[in-house]
Q: 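My questions all concern the structure below.
Sequence lines set the chain letters: A, B, ... in the order given, protein chains first and strands last, and positions in each chain run from 1. As a basis for the values below, the full set of heavy atoms in this structure was taken, side chains included, without hydrogen atoms, waters or symmetry mates.
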Number of protein chains: 2
Amino acid sequence: MNDKFYALPREKQKRIINAGFSVFAKNTYKKSPVNEIALEAGISKSLLFFYFRNKKELYLFLLRTVEEITNKALKESGAYEGEDIFDIMYKGLMTKARLMKAYPDMSRFSLKAYYEKDPDLSREIRKIVSPYTRIETYKALPPMDPKKFKDGIDLNMMYRDIFLASEGFFWKIEQGDNFNEDEFVSEYKKLIDFWKSVYLKEEGWKCT
Amino acid sequence: MNDKFYALPREKQKRIINAGFSVFAKNTYKKSPVNEIALEAGISKSLLFFYFRNKKELYLFLLRTVEEITNKALKESGAYEGEDIFDIMYKGLMTKARLMKAYPDMSRFSLKAYYEKDPDLSREIRKIVSPYTRIETYKALPPMDPKKFKDGIDLNMMYRDIFLASEGFFWKIEQGDNFNEDEFVSEYKKLIDFWKSVYLKEEGWKCT
DNA sequence: AATAGTATTAACCGGGTCGGTCAACAGGCT
DNA sequence: AGCCTGTTGACCGACCCGGTTAATACTATT
């Protein structure tokens with residue numbers, strides 16, 4: 001790929017990247033017209049081929065970009081160091097919301113990439129996509145202090161419930177094209193507070 | 001469309017229908033090759049064009065078929081007449097499982113149809129797809145007796161939690177192509193039982 | 001204003017795909 | 001053989017798509 005791309009104003013880079021996410025998220029790799037990406041980015045197809053040698057290079061660049069963006073966001077949010085499970089979830093939510101605002105089609109793109117079947121690509125895709133991204137997260141639940149939770153609660157099932165509801169929540173948002181960040185966050189906060197009230201012994205602090 | 005189609009053995013009809021669901025679920029209407037459908041159904045493209053005048057007719061037929069199938073299934077399951085919410089959910093689950101086994105790609109197809117943008121189609125799609133199918137179901141929660149639930153539970157939030165988790169559950173299953181019906185049902189039963197244990201006052205009967 | 005250098009595009013090419021048609025074929029029945 | 005019904009391979013014209021290239025617009029420098 002042409003290094004000139006990095007010299008572009010960030011604004012324009014993002015427009016191109018998002019256009020790529022959008023088109024590749026909608027169609028298979030093979031059925032995603034480069035022209036459509038260029039159009040959506042507001043540039044000509046020729047220029048796109050000036051920055052990226054060919055379609056494949058563009059695609060793989062986008063895939064690497066996903067990794068880069070998410071890793072950076074996760075590190076910045078401090079989502080890894082968690083004391084209590086609800087805190088972790090809240091942090092995760094905020095980063096996800098920020099990401100969805102900046103790159104609306106990124107997650108759908110990466111999901112589609114994960115299931116891409118094109119023989120030219122699948123090998124290289126699996127080389128780039130970090131395996132843990134799509135792992136069944138609920139199996140790696142963080143250590144929790146059982147004393148904090150109400151008696152008789154099956155913690156594994158609790159985590160499963162929370163995890164599934166979160167997935168459903170994000171999924172519904174990714175479906176509709178109307179994405180109001182504030183509403184999104186406050187709705188999810190309500191959910192977290194509800195879970196706290198149901199599962200936690202002491203109805204203590206609410207998340208800020 | 002040609003009435004001869006209905007004279008076909010049910011087996012063959014289903015193969016064609018499912019092939020249509022599968023291909024149209026993967027791609028946009030415009031980018032769904034009729035040939036691929038024929039191939040997947042094990043017949044020739046020519047024959048497909050013998051039964052259906054053109055691509056559009058085939059598509060709309062499939063859409064009407066979705067309505068027909070789901071309506072029939074819902075009526076048969078008695079999912080409408082519900083005493084308690086968990087019972088309703090359980091019935092709904094079983095019908096959904098049955099449907100997913102018989103028509104694996106149907107729900108993804110109908111979802112995609114809902115968001116189809118093709119100018120030739122969107123008008124006629126909206127004419128066929130019954131509006132209530134995609135309504136936010138959790139707003140139409142059935143009348144519940146508050147006494148049965150533990151004190152202090154926010155019933156609306158409870159229903160929201162359950163609804164979202166179910167969506168997430170179905171969504172995860174629709175993603176992966178491995179669909180084990182038994183495992184599916186038993187997993188969901190576990191969830192329902194968990195919810196009962198958490199939300200209900202008397203830990204009574206488990207669902208059969 | 002002329003030049004030079006860079007960013008950007010319109011026009012084009014060859015190969016492939018797709019919706020749709022049609023003449024032909026296969027197989028059972030009389 | 002002749003007929004009917006179900007089925008297909010081969011074909012067509014239009015369009016699409018990845019990629020190239022020659023030309024244009026833009027900007028800065030002299």
Q: Which is more 5' along DNA chain C, the nucleotide nearest A/Phe50 or the one nearest A/Lys45? Just name the residue.
A: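 Whichever sits nearer the 5' end wins; that is A/Phe50.
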
Q: State yes or no: are the ring centers of B/Phe52 and B/Tyr59 separated by less than 6.0 Å?
A: no

Q: Rounded to whole Å, how long is the line connecting atom CG of B/Asn54 with atom C1' of C/dC18?
A: 14 Å

Q: I need the CG-P distance between A/Leu39 and C/dA10, as an integer number of Å.
A: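 Atom-to-atom, A/Leu39 to C/dA10, this comes out as 10 Å.
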
Q: Just how far, in rounded Å, is C1' of D/dG9 from CD1 of B/Ile43?
A: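 Value for this atom pair: 15 Å.
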
Q: Please classify the nucleic acid contact of B/Lys4 as base, sugar-phosphate, or nothing, using heavy-atom distances under 4.0 Å.
A: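 Sugar-phosphate contact only.
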
Q: Compare the minimum distances between each of D/dT8, C/dG19, C/dT8 and the side chain of B/Ser44, then state the nucleotide with the smallest one.
A: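 Of the candidates, D/dT8 comes closest.
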
Q: Nearest-Å distance, CG (B/Asn35) to P (C/dG19)?
A: 8 Å

Q: Check whether any side-chain nitrogen or oxygen of A/Lys30 sits under 4.0 Å from OP1 or OP2 of D/dC16, and answer yes or no.
A: no

Q: Would you indicate what A/Lys56 reaches in the nucleic acid, counting non-hydrogen atoms under 4.0 angstrom: base, sugar-phosphate, or nothing?
A: nothing

Q: Whether B/Ser46 contacts D/dT8 is assessed here as follows: a side-chain N or O lying under 4.0 Å from the phosphate OP1 or OP2. Is that the case?
A: no

Q: What's the CG-P distance between B/Leu47 and C/dA23, to the nearest Å?
A: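 Nearest whole value for this atom pair: 18 Å.
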
Q: Run the salt-bridge test on B/Glu187 and A/Arg160 with the 4.0 Å N-O cut-off and return the result as yes or no.
A: yes

Q: In this structure, how many angstroms lie between the P atom of D/dG9 and the CZ atom of B/Phe49, rounded?
A: 15 Å

Q: Using whole Å, report how far CG of B/Leu48 lies from C1' of C/dC18.
A: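 Taking atom C1' of C/dC18 as the reference, CG of B/Leu48 is at 14 Å.
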
Q: Reading DNA chain C from 5' onward, which residue's closest nucleotide shows up sooner: A/Gly42 or B/Lys55?
A: A/Gly42

Q: Rounded to the nearest angstrom, tell me the gap between atom NZ in B/Lys31 and atom C1' in D/dC16.
A: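 About 9 Å, once rounded to whole Å.
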
Q: I'd like to know if the side chain of A/Lys112 reaches the main chain of A/Lys26, judged simply by a donor and an acceptor atom lying under 3.5 Å from each other, with no hydrogens or angles considered.
A: yes

Q: Is A/Asp87 paired with A/Lys91 through a side-chain N to carboxylate O contact shorter than 4.0 Å?
A: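 Looking at A/Lys91 and A/Asp87, the cut-off is met.
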
Q: Are A/Phe109 and A/Leu63 close enough that some pair of their side-chain heavy atoms sits under 4.5 Å apart?
A: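 In contact.
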
Q: Give B/Tyr51 one of three labels, base, sugar-phosphate or nothing, depending on what nucleic acid heavy atoms sit under 4.0 Å from its own.
A: sugar-phosphate

